[in-house]
Amino acid sequence: MVELKKWYIDKDEDAWKAHGEAYGHDRFEDGMFLSTSEIVSITVAGRELVLATRNSRYYCDFSEANLRDESFFEDENLFVDEYYKSEVHRMQLAKQLQKVMEQEKNGEDGKEEVIPSSPAEVERCLVFVFSEKEEDGFKHGYMKCEPIEDKYFKKDKRVGRKKDYITLILHCRQALDLEEAQLAGFDVVSEGDLEYRYTLEKGRVAFYRWSEYNGPIFVENAGTEGIEIDTPVGYFYIPAGATSRIATDNRLGRLTEHKVV
């Protein structure tokens, strides 16, 4: 894997090329500045762009961007995923990257804010795993709370008047004893159960009931196709195999009204 830092993309005659400090390259020392050959495709993976040339792949984290020209977002032919063939979605992506760059530039006391990008980086969080291969799209969900054992959500499918809906519920009072609840940051008297409801259409999971949770929430796509996640927090697109943190600073856009319980 070759990672580019302080990277930017510009056009050299008719070819898009990336430039930056390379790390993990088998032919260059770490930190050496290089320019790639022509970029043939771009894949979006959470807060990262994966740039493919004919012979190499370059991983470009949003937090390392040093863009001088953002016009590559206008070229739909660069982007692999069908979702980003839409100009609206590409401009939303550009806005998200700009926001990360601004946060990096204006970081408190000049320090980079540590924002978790996966469940492995935190001791406590909620994780929902979806896949188009699973019935109702849902594979499993759990509350991670080290050092205690993960607590799993139960799924219940109901027939609605207009659409079938699925309820994911974690009975906190039953799942956690007092000591575990304190470790998890819960007050078992006031927190009660965590409940999330969604409807499912092809490639789209629309949550319309969303319990408040004092911690990070992640959605993992364990399938082979990209999925859209519609929540009260915002709208998210998660490519196959990727994991996304569900938070306002990470969303692609706002949504219409939702009920938060």
Side-chain angles (χ1 to χ4, degrees), residues 41-50 62 73-100 115-119 125-142 153 155 157-158 160 162-168 194-213 216-261:
S41 69
I42 297 177
T43 302
V44 182
R47 288 160 53 95
E48 189 174 65
L49 298 183
V50 183
F62 285 10
F73 284 108
E74 299 173 9
D75 190 345
E76 68 175 85
N77 296 319
L78 278 177
F79 291 83
V80 172
D81 202 297
E82 191 65 31
Y83 177 82
Y84 292 108
K85 299 298 183 184
S86 162
E87 182 179 3
V88 172
H89 294 155
R90 293 198 308 278
M91 292 307 103
Q92 288 175 339
L93 179 65
K95 185 177 179 181
Q96 183 184 5
L97 195 154
Q98 290 167 357
K99 186 173 182 179
V100 173
I115 301 175
S117 59
S118 74
C125 64
L126 297 183
V127 183
F128 297 108
V129 183
F130 287 91
S131 169
E132 82 282 353
K133 298 179 181 180
E134 301 293 330
E135 182 181 5
D136 306 320
F138 182 72
K139 189 170 184 179
H140 64 267
Y142 61 95
F153 280 82
K155 182 180 75 171
K157 184 174 182 179
R158 298 292 177 91
K162 295 183 178 180
K163 291 182 179 180
D164 293 349
Y165 64 89
I166 297 90
T167 299
L168 308 176
L194 294 175
E195 182 178 347
Y196 301 84
R197 287 186 184 179
Y198 68 91
T199 58
L200 180 69
E201 297 178 2
K202 182 173 176 58
R204 181 173 180 267
V205 177
F207 283 94
Y208 66 92
R209 179 166 294 182
W210 187 267
S211 291
E212 295 287 357
Y213 174 71
I217 299 178
F218 296 93
V219 173
E220 176 186 340
N221 182 359
T224 57
E225 300 176 4
I227 56 172
E228 299 176 48
I229 301 293
D230 183 348
T231 78
V233 177
Y235 172 81
F236 304 82
Y237 179 77
I238 307 177
T243 299
S244 180
R245 181 174 53 89
I246 305 301
T248 54
D249 66 337
N250 200 38
R251 67 190 178 192
L252 292 179
R254 288 182 174 273
L255 300 177
T256 53
E257 293 184 3
H258 291 266
K259 182 178 180 182
V260 181
V261 297

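- Contact annotation: the side chain of Ile227 never approaches that of Tyr237 to less than 4.5 Å [non-hydrogen atoms, C-beta and beyond].
- Closest non-hydrogen pair, Val80 versus Ser41, comes out as CG2-CB, 3.5 Å.
- A heavy-atom distance below 4.5 Å is not found between the side chains of Ser117 and Arg245.
- No hydrogens or angles considered: nothing links the side chains of Tyr208 and Asp230 as a donor-acceptor pair under 3.5 Å.
- In this structure, Val127 and Cys125 approach most closely via the heavy-atom pair CG2-SG, 3.8 Å.
- The two atoms that bring Glu76 and Lys85 nearest to each other are O-NZ, 3.1 Å, heavy atoms only.
- Every residue two or more places apart in sequence or in another chain that forms a salt bridge (Lys or Arg N to Asp or Glu O under 4.0 Å) with Lys157 is listed here: Asp136.
- By the side-chain contact (heavy atoms from CB on, under 4.5 Å) test, Leu93 is found to be paired with Val44, Leu49, Phe62, Phe73, Phe79, Tyr84, Gln96, residues two or more places apart in sequence or in another chain being considered.
- Contact check for Ser244 versus Phe218: no side-chain heavy atoms found under the 4.5 Å cut-off.
- Among residues two or more places apart in sequence or in another chain, the salt bridge (Lys or Arg N to Asp or Glu O under 4.0 Å) test is passed with Glu134 by none.
- Counting all heavy atoms, side chain and backbone alike, Lys155 lies closest to Ile166 at CG-CG2, 3.4 Å.
- In this structure, Trp210 and Ile246 have side chains that are in contact, with non-hydrogen atoms separated by less than 4.5 Å.
- Inter-residue side-chain proximity for Glu132 and Thr224 is flagged as met; some heavy-atom pair is nearer than 4.5 Å.
- A 6.0 Å sphere centred on NZ of Lys95 holds no more than 12 heavy atoms belonging to other residues, nucleotides or ligands.
- Between Val50 and Ile42 the shortest side-chain heavy-atom distance does not fall below 4.5 Å.
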Original post:
side-chain contact (heavy atoms from CB on, under 4.5 Å) between Leu200 and Tyr165: does it pass, once the steps are laid out?
Top reply: CA-CA 7 Å; Leu200 180 69; Tyr165 64 89; over 6 Å; no
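- Applying the side-chain contact (heavy atoms from CB on, under 4.5 Å) criterion to Ala222, with sequence neighbours excluded, gives Val129, Ser131, Lys139, Glu220.
- Ring centers of Tyr196 and Phe128: under 6.0 Å apart, within the cut-off.
- The shortest distance between side-chain heavy atoms of Lys202 and Glu225 falls below 4.5 Å.
- With rounding to the nearest 0.5 Å, the separation of CD in Glu48 from OG1 in Thr43 is 10.5 Å.
- Glu228 has its side chain out of reach of Val205: every pair of non-hydrogen atoms, C-beta onward, lies at least 4.5 Å apart.
- Atom CG in Asp81 sits 11.5 Å away from atom OG in Ser86 (nearest 0.5 Å).
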**OP:** Test side-chain contact (heavy atoms from CB on, under 4.5 Å) on Thr243 and Asn221 and set out the steps.
**Re:** CA-CA 6 Å; Thr243 299; Asn221 182 359; over 6 Å; no
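- Other residues, nucleotides and ligands contribute at most 12 non-hydrogen atoms within 6.0 Å of the CD atom of Glu87.
- Evaluation of the ring pair (Phe, Tyr, Trp, His ring centres under 6.0 Å) rule for Phe138 yields Phe130 as partners, not counting sequence neighbours.
- Counting only distance, with no hydrogens or angles, the side chain of Arg209 and the backbone of Tyr198 share no donor-acceptor pair below 3.5 Å.
- For the salt bridge (Lys or Arg N to Asp or Glu O under 4.0 Å) test, residues two or more places apart in sequence or in another chain that qualify with Arg197 are Glu195.
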